[in-house]
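A quick write-up on the structure given underneath.
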There are 2 protein chains.
Amino acid sequence: MAASRARRPERREEPLSRERIVEAAIGLLDESGEGGLTFRALARRLATGPGAIYWHVTGKDELLGAATDAVVTGAMTAATATATAGATPREAVRSLAVGVFDAIDAHPWIGTQLARAPAQSPLLRIFEHLGRQVQALGVPQAAHFTAASALLNYILGVGGQNAANALERRPDTTRAEFLDTVSTSWANLDADEYAFTRSVADQLRDHDDREEFLAGVDLIVAGITALR
Amino acid sequence: MAASRARRPERREEPLSRERIVEAAIGLLDESGEGGLTFRALARRLATGPGAIYWHVTGKDELLGAATDAVVTGAMTAATATATAGATPREAVRSLAVGVFDAIDAHPWIGTQLARAPAQSPLLRIFEHLGRQVQALGVPQAAHFTAASALLNYILGVGGQNAANALERRPDTTRAEFLDTVSTSWANLDADEYAFTRSVADQLRDHDDREEFLAGVDLIVAGITALR
DNA sequence: GGCATCTATGGAACGTCGTTCCAATGCCTT
DNA sequence: AAGGCATTGGAACGACGTTCCATAGATGCC
C-alpha cells in the first residue's frame with residue numbers, strides 16, 4: 001500500500017475536515033431531525049470516533065450553526081439569482097421569501113435553528129437581501145430598519161411554524177390528511193371561546209402553505225409601500 | 001361520597017400536584033433558562049424524587065407545554081381585558097400583540113417554545129383573539145385566515161428573535177451595551193456585501209424593541225386594512 | 001379493628017448524550 | 001533516522017430523561 005502520494009491528500013480515505021463534518025451533519029439532520037444529530041452518530045457516519053470531531057469543531061452549537069449557515073447561504077445565492085432577474089422589488093421580495101421558505105421546507109430543522117442565538121450570520125444574509133429590496137421600494141430611509149425587520153420576522157415566524165408542523169405530523173400521513181385532522185379539531189372547538197377559529201377551519205383545510213405564506217408577504221409589502 | 005372530607009389543605013407538606021409542578025417549572029425556567037429545567041432540579045425544588053413527578057406529568061415535553069400554556073393564558077386574559085376596553089380594532093390588535101411581546105420578554109424561553117410542536121393550545125388562544133380583531137377590521141371573510149395568520153406569524157417571529165437575543169446577551173451587560181456591540185459589528189461589515197445592513201446600523205443602535213415591534217404590527221394592520 | 005387495595009412517593013438504576021482526556025498514529029521537517 | 005506536531009479515535013466522566021420498584025399513607029371491605 002505504499003504510494004506515498006504527494007501534496008494532495010486524496011490518496012487514502014479523505015481526512016476529516018470541517019466541511020465534511022458539516023456536510024454529514026446536514027445529512028443526519030435531514031434524515032432524522034434535530035434529535036438525530038449526535039456526535040456518536042456523526043462519528044459512525046464518518047468512520048471515526050467522537051473525539052476526533054472536536055479537533056475541527058468546538059461543539060454541537062457551532063456545528064448546528066455551521067450547518068444552518070451552509071444551507072441558508074445556498075438558498076440565498078439561489079434566490080438572489082432569480083430575484084435580481086425579476087423586475088419589480090415586490091417580485092424580488094417574493095423570490096427571496098420563497099427561497100427561505102423552501103429551504104426550511106426542505107430542512108425543517110432550520111426553522112427552529114434560526115430562532116436561536118448563535119446563528120447570527122445566516123440571518124444577516126437574509127436581512128441584507130430583504131433590505132435592498134426595501135430600499136428599492138422607495139421607502140423613506142428612516143423606515144428601512146422597521147420594514148426589513150418586519151419582513152424578516154414574519155418569514156422567521158412562518159418558518160418556525162412550518163418546522164413545528166413538520167415535526168408534529170406523523171411521517172406516514174400526508175399533508176392533506178394532517179390539515180384535515182387539524183381543521184376538524186378546529187371545527188369542534190368550543191363555539192363561544194373559539195368562534196373565530198371555528199369560522200376559518202375551512203380556510204385552513206383548503207389553504208396552500210406557500211400561497212398563504214406569499215399572501216402574508218404581500219400584506220406586509222403593501223403596508224410598507226403605504227409608507228411612501 | 002357525600003361525606004367527603006375537606007381534608008388537609010396543609011396538614012403535612014402540601015402534596016405534589018400538576019399545578020405545583022408546573023409552577024416550579026416556570027420558576028426554574030425563568031431563573032436559569034431552558035437548560036435549567038431538569039427533573040432532578042425540579043425534584044430538589046419540590047423536595048421529592050424525580051420519579052414522583054412522572055405520576056403527575058407524562059414527560060418533559062408535556063411539562064414544557066403546560067408551562068408555556070400557563071404563561072400564555074395568563075398573558076392573554078390580561079391583554080384581552082385592555083383590548084376590549086380599547087376602542088378601535090387596531091388598538092386592540094396592538095394590545096394583544098404587546099401582551100404576547102411582554103410575556104416573551106418576561107419569560108424568554110416561551111419564544112423558542114412557541115415555535116415547537118406540541119404547544120398547539122396556547123397558540124390557538126392567541127390566534128383566536130387576533131382573528132376577532134381582524135373580523136372587526138372589516139376584512140372580507142375570505143382573507144380572515146391569511147390576515148390572522150400573518151399577524152400571528154409575525155408576532156412569533158419577533159418573539160423567537162427576542163428570545164434568541166436574550167439568550168445571546170451576557171447577563172451582566174445592559175441592553176444598550178448589547179445593542180451597541182451589535183450595531184458596531186454591523187457597521188464594520190463588508191461595504192459591498194452588506195451595504196444595506198451597514199446603512200441601518202444606526203437605526204439598530206437607537207431603536208426601542210417594543211416600539212419597533214409595534215411599528216411592524218402597524219405595518220401589517222395597514223396591509224390588512226388595504227384589503228377592504 | 002384487621003386486612004387487602006389503591007394512590008402516591010422517592011430513590012436507585014439504565015441507557016444516551018455532550019464533552020474531555022489521552023495514548024497512539026501518521027506526516028513533515030531536519 | 002529521529003523527533004516534533006497535527007490529527008485521530010476510543011475510553012471515561014458527569015448530567016440528563018426516563019423506568020422500575022419497594023414502600024408509605026390513605027381508603028374500602030369484612
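To find a chain, count down the sequence lines: A is the first, B the second, and so on, and within it residues start at 1. Every heavy atom of this structure was used, including side-chain atoms; hydrogens, water molecules and symmetry mates were not.
Other residues, nucleotides and ligands contribute only 12 or fewer heavy atoms inside 6.0 Å of the CZ atom of B:R210.
Considering only side-chain N and O atoms, A:H56 lies nowhere under 4.0 angstrom from the phosphate OP1 or OP2 of D:dA6. Taking only side-chain nitrogens and oxygens, B:T48 never comes nearer than 4.0 Å to OP1 or OP2 of C:dT9.
Residue contacts for A:L63: at a heavy-atom cut-off of 4.0 Å it reaches no nucleic acid atom on any strand shown.
Protein atom CZ of A:F39 is 16 Å distant from nucleotide atom C1' of D:dC13, rounded to whole Å. When the P atom of C:dT19 is taken as reference, atom NZ of A:K60 falls 8 Å away, rounded to whole Å. Between the CD1 atom of A:I21 and the C1' atom of D:dT8 there is a distance of 11 Å, given to the nearest Å. One interatomic measurement links the two molecules: CG of B:L16 to P of D:dA24, which rounds to 18 Å at whole-angstrom precision. Rounded to whole Å, atom C1' of D:dG17 lies 14 Å from atom CD of B:E62. C:dT9 atom P lies 13 Å from atom CG of B:L42, rounded to whole Å. Rounding to whole angstrom units, CD1 of residue A:I53 and P of C:dG18 are separated by 10 Å. B:R40 has its CZ atom 16 Å from the P atom of C:dG10, to the nearest Å.
For the pair A:W55 and A:P50, nearest-nucleotide mapping onto DNA chain D gives the more 5' position to A:W55.
The shortest distance between side-chain heavy atoms of A:E128 and B:E193 does not fall below 4.5 Å.
Which of C:dG10, C:dG18, D:dG17 sits closest to the side chain of B:T38 comes down to D:dG17.
Checked against the 6.0 Å centroid threshold, A:F127 and B:Y194 do not count as a close aromatic pair.
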Evaluation steps, side chain to side chain contact (heavy atoms under 4.5 Å, CB included), between B:F213 and A:S149: CA-CA 9 Å; B:F213 168 68; A:S149 297; over 6 Å; no
